[in-house]
Amino acid sequence: MKKIGTITILCFLVLGIAFAGGKRDDGIDNSLEELKARGEFVLGLDDSFPPLGFRDKSNEIVGYDIDLAQEVCNRLGVTLRCQPIDWAAKEQELNTGNIDCIWNGFTMTAEREAALSFTKPYLDNAQVVYVRADSGIKTLADLAGKSVGLQAGSSAADAVDANPEFKSSLKEVIEVKDNLTALMDLEIGGVDAVVMDVVVGNYTIKTSGKDFIALDETLSTEKYGIGFRKGDVKLRDEVQRILEQMAADGTVASISEKWFDKDISVIGK
């Protein structure tokens, strides 16, 4: 009986994972209907990624992406739940059904687009190197023999890997949990530079007053999108439709101006 019970439990677990997304084994995509029936939209994020998604002084999760998602949920008629995740395991969190999407400065790459269903891009971004203003470092070449920090599992890591000559010139690449940790290491001299998203870096410098500067050379340019499970096409398309509706009625521009002082969105453009 014990063995039969174990097998039964395992079967339910497998079925649960199979039905975690909207696409069943019979190929029918019920992702949108299932989410509406559940009444909750679970957004996976790194909660230390300002200004897209981060904790404010009251420990509430706020940000540009959060405001966009909240309005999408309002128009969908469901509740938004922001779920902090280990960014290095984000695809696993999505594919096991713990979250409905990855929405938090998620860079669109060929590899990710092959594995997930992405919306159209909603923001442009670049991977930029930040240094202390008094470091004397002006170019990528000046970083030869230096230590560079970045977030593990991030597109900053991908950008460094995609520039092998630059990477081989470095003394070491130090991976940390999040960008804020990397910037703290930069401030205390634990690393000589940090590679990170220009959207995040510029906002952090502006709001914190830290004496950091960005090098003029960029390692890569990229676009942010919202990633859904491969089979959840109906849900993805409905989110995209609502975002374009929000862009047309001025809601997106208003949210962008709140966080960036101007409209930098590329939705519907």
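Just so we're clear, the structure is a prediction, and the values are computed from it rather than from any experiment.
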Do Phe118 and Phe228 have their ring centres less than 6.0 Å from each other?
-> no
How are the rings of Trp87 and Phe49 set relative to one another: parallel (under 30°), tilted (30 to 60°) or perpendicular (over 60°)?
-> parallel
Apply the side-chain contact (heavy atoms from CB on, under 4.5 Å) test between Pro51 and each candidate in Thr204, Val199, Thr207; give the one that qualifies.
-> Val199
Would you say the side-chain atoms of Asn74 and Gln70 include a donor-acceptor pair closer than 3.5 Å?
-> yes
Does the salt bridge (charged side-chain N to carboxylate O under 4.0 Å, His left out) test come out yes or no for Lys234 and Glu33, once each step is laid out?
-> CA-CA 9 Å; Lys234 284 186 177 180; Glu33 294 84 353; 3.6 Å; yes
Just wondering, are more than 12 heavy atoms of other shown residues or ligands nearer than 6.0 Å to CG in Asp216?
-> no
Between the side chains of Asp263 and Ser265, does any donor sit under 3.5 Å from an acceptor?
-> no
Should the pair Asp211-Arg132 be classified as a salt bridge under the 4.0 Å nitrogen-to-oxygen rule?
-> no
Might you point out which heavy atoms bring Ser117 and Val233 nearest each other, and give the distance in Å?
-> OG-CG2, 4.1 Å
Taking all heavy atoms of Tyr64 and all of Ser256, pick out the closest pair and write down the distance.
-> CE1-CA, 3.5 Å
With a 4.5 Å limit on heavy-atom distance, are the side chains of Phe166 and Leu219 in contact?
-> yes
Side-chain polar contacts of residues 184-192 - donor-acceptor pairs under 3.5 angstrom, sequence neighbours left out - could you list them?
residue : atom : partner : partner atom : Å
Glu187  : OE1  : Lys210  : NZ           : 3.3
Glu187  : OE2  : Lys210  : NZ           : 2.9
Asp192  : OD2  : Ser147  : N            : 2.9

Please determine, by modelled atom types, if Thr251 and Glu71 share a side-chain donor-acceptor pair under 3.5 angstrom.
-> no
Which is it for Asp158 and Lys167 under the salt bridge (charged side-chain N to carboxylate O under 4.0 Å, His left out) test, yes or no, and what are the steps along the way?
-> CA-CA 11 Å; Asp158 295 337; Lys167 185 176 182 179; over 6 Å; no
Between Trp103 and Phe41, what is the ring plane arrangement, given parallel below 30°, perpendicular above 60°, and tilted in between?
-> perpendicular
Partners meeting salt bridge (charged side-chain N to carboxylate O under 4.0 Å, His left out) with Glu93 (sequence neighbours left out) = none
Any ion pair linking Asp237 and Lys120 (charged N to carboxylate O, less than 4.0 Å)?
-> no
Would you say Gln92 has more than 12 foreign heavy atoms packed within less than 6.0 Å of its CD?
-> no
Got a salt bridge between Arg38 and Asp100, using NZ or NE/NH1/NH2 to carboxylate O under 4.0 Å?
-> yes
Carboxylate-amine/guanidinium proximity below 4.0 Å for Asp29 and Arg236 | no
Classify the side-chain pair Asp67/Trp259 by whether it contains a donor and acceptor separated by less than 3.5 Å.
-> yes
Within a radius of less than 6.0 Å around NZ of Lys171, do more than 12 heavy atoms belonging to other residues, nucleotides or ligands occur?
-> no
Nearest heavy-atom neighbours spanning Val252 and Ala247 = CG2-N, 3.5 Å
Under 3.5 Å, is there a donor-acceptor pair linking the side chains of Asp124 and Tyr224?
-> no
Check whether more than 12 heavy atoms from other residues, nucleotides or ligands sit under 6.0 Å from atom NZ of Lys262, and answer yes or no.
-> no
Under 3.5 Å side-chain donor-acceptor pair for Arg112 and Ser155 = no
Pair Asn104-Asp46, side-chain donor/acceptor within less than 3.5 Å = no
Nearest heavy-atom contact between Leu235 and Ser31 is N-OG, 3.1 Å
Evaluate the side-chain proximity of Val129 to Glu217: yes if any heavy-atom separation is below 4.5 Å, no if none is.
-> no
NZ/NE/NH1/NH2 to OD/OE distance under 4.0 Å, Asp178 and Arg55 = no
Check: Glu175/Gln151 side-chain N/O donor and acceptor closer than 3.5 Å | no
Heavy-atom nearest pair, Ala214 first then Tyr130, reads CB-CE2, 3.5 Å
